[in-house]
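The next block holds one structure in the form of structure tokens; read it before the comments.
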Amino acid sequence: MDNLYFQPEIETMERSSLETLQLKRLKESIGTALRSPFYSTRLGKLGITPDSIRTLGDLRRLPFTTKEDLRSNYPFGLVAVPADRVVRLHSSSGTTGNPTVICHSQHDLECWAGRVARCLYMVGLRNTDVFQNTSGYGMFTGGLGFQYGAELLGALTVPAAAGNTVRQIKFIRDFGTTAIHAIPSYAFRLYEVMREMGISPRTDTRLTTLVIGAEPHTEAQRRKIEEAFGVKAYNSFGMSEMSGPGVAFECPCQNGLHLWEDCYIMEIIDPETLEPLPDGEVGELVLTTLDREAMPLIRYRTRDLTRIIPGECPCGRTHRRIDRIKGRSDDMFIVKGVNIFPMQIEKILMQFRELGTNYLITVDTVNSNDEVMVEVELGDLFTDDYSQLQRLTRDITRQLKDEILVTPKVRLVDRGTLPQETGKAVRVKDLRKNK
Ligand code: DLL
């Protein structure tokens, strides 16, 4: 039973067979989508039928689907099956207007759990593992998504949910947790509290694996997490619109995330011109679902920026890899005409050993001038020597300016000063939006 979730016939499939499978499933997906009010109008108007798709290239003739489409057809306008087949919905936390809703049939939930089990198996988890999930349960898909995936794998799955760090640590020790799923900012929090309690993750726990994802993070941040816990931390990518976690995941080679191409067709487009980009170039990820029946999505614009990593992976899996997410096109902020992504700033900050991992970027207009302020917490090894702090501030400012081409104000603050979110970290506050 142990290797049920390694499916070499799918994961290492010849590209040509994989593409044949994709084409077959794409036609089916379009046939299903046409049963929803939204796509029957949108695609019907263009005369699209499953038979009009003869090659994978024909997908490019179809219109994109956007988050706005989901919002304006809220809640059920994209549902393609009768109501009695829908068994669950997840919804995003829309701050303004309608949230987005994704509906699932029993079949969809089974496919999703299978994908997550496949990902966990890939990084070495088995039915003897104890998997503790620190995601919020509820509408956020990191909770139930990992719960059902890890259970399907046969692991003892601990639905610890978000927050209450001291209790999390007690569970880790009492239940012999071997694997933790956490968003990267929470992994740091867990480690800090462990240290305050005098607990070493290396010697006082049975941890072997961390799964981190759901928010952008740099390679340097991943390395810091790995050093802190003394175990490998694997990057996990997904989004509620594509069911949740389990869309793309790192293998033990940790050189990109295999995107499961039997379940999704991926495209990378230039977000301005909407034209396809060649492998290796960074652009917006566009995904089409291939095995979802309650609510298929065709050419969904994710807004996530990444690239396809050219070449083959030494692990032998043939599903292509995406690079870690560089940010979202809607995360980008513009200061003095320069496009800036929070990940550019994080990349520089993480190079300074004196700094901790929590930071906040505030953009504001001061005397008609746009200014960027970067506040970052100090790591606890650092002294409070004033001249040393000044030198460090200067170094950070210079390196940031080289990277983002704007001179930011840098403020070093004590550990624990900046807000610590229980969910995904909020890295940018753009106060210009409120003016
Ligand atoms: O974050 C699903 C998920 C749960 C993924 C647990 C992984 C682990 P949403 O809340 O809909 O779903 O947010 C999706 O989060 O479009 C990306 O911008 C970002 N994101 C997700 N995974 C990563 C990652 C879940 N590994 C949005 N790296 C996506 C960077 C990520 N960004």
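Positions are given from 1, in the same order as the sequence printed here. What you see is a predicted model, and the numbers here were worked out from it, not measured in a lab. When a ligand or atom number is given, it counts from 1 through the structure's own listing order.
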Arg126 to Tyr121, cation-pi by 6.0 Å centre distance and 45° axis angle: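 Yes, Arg126 sits over the ring of Tyr121.
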Phe229 six-ring face occupied by Arg202 cation (under 6.0 Å, within 45°):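 Because its charged atom misses either the 6.0 Å distance or the 45° angle limit, Arg202 does not stack over Phe229.
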Mutual orientation of the aromatic rings belonging to Phe249 and Phe146 [parallel < 30°, tilted 30-60°, perpendicular > 60°]: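 Tilted.
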Plane angle bin for His90 and Trp112 - parallel if under 30°, tilted between 30 and 60°, otherwise perpendicular: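 Ring orientation of Trp112 relative to His90: perpendicular.
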Distance from [atom] to nearest protein heavy atom, with residue and atom:
| atom | result |
| --- | --- |
| atom 11 (O) of ligand 1 | Ser240 OG, 2.4 Å |
| atom 28 (N) of ligand 1 | Glu215 O, 3.4 Å |
| atom 2 (C) of ligand 1 | Thr141 OG1, 3.4 Å |
| atom 29 (C) of ligand 1 | Asp304 OD2, 3.2 Å |
| atom 19 (C) of ligand 1 | Ala214 O, 3.6 Å |

Using a 4.0 Å cut-off to any heavy atom of [X], which atoms of ligand 1 qualify?
| X | result |
| --- | --- |
| Gly213 | 26 (N) |
| Lys424 | 1 (O), 9 (P), 10 (O), 13 (O), 14 (C), 15 (O), 25 (C), 27 (C) |
| Gly142 | 4 (C), 6 (C) |
| His181 | 6 (C), 8 (C) |
| Asn235 | 24 (C), 26 (N) |

Heavy-atom gap Ser92 to ligand 1 smaller than 4.0 Å: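 No, Ser92 has no heavy atom closer than 4.0 Å to ligand 1.
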Sub-4.0 Å heavy-atom contact, Arg303 with ligand 1: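 It does not, in that no heavy atom of Arg303 comes within the 4.0 Å cut-off of ligand 1.
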Heavy-atom nearest option to atom 30 (C) of ligand 1, drawn from Pro184, Ser329, Pro216, Gly244: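 Result: the heavy atom closest to atom 30 (C) of ligand 1 is in Pro216.
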Within the 6.0 Å centroid threshold, strictly below: Phe64 and Tyr300: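 No.
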Residues Arg307, Asp323; criterion salt bridge (Lys or Arg N to Asp or Glu O under 4.0 Å); working and verdict: CA-CA 6 Å; Arg307 64 185 187 112; Asp323 208 344; 2.9 Å; yes
Residue from Arg85, His104, His107 passing side-chain hydrogen bond (donor to acceptor under 3.5 Å, both in side chains) with Glu293: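 Answer to the side-chain hydrogen bond (donor to acceptor under 3.5 Å, both in side chains) test with Glu293 among Arg85, His104, His107: Arg85.
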Pair Arg118-Gln7, side-chain donor/acceptor within less than 3.5 Å: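 Side-chain D/A pair, Arg118 to Gln7: present.
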Arg328, any N or O under 3.5 Å of ligand 1 N or O: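 Yes; the residue has a nitrogen or oxygen that sits under 3.5 Å from a nitrogen or oxygen of the ligand.
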N-O pairing of Glu219 and Arg222 below 4.0 Å: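 Judged by the 4.0 Å cut-off on N to carboxylate O distance, Glu219 and Arg222 do form a salt bridge.
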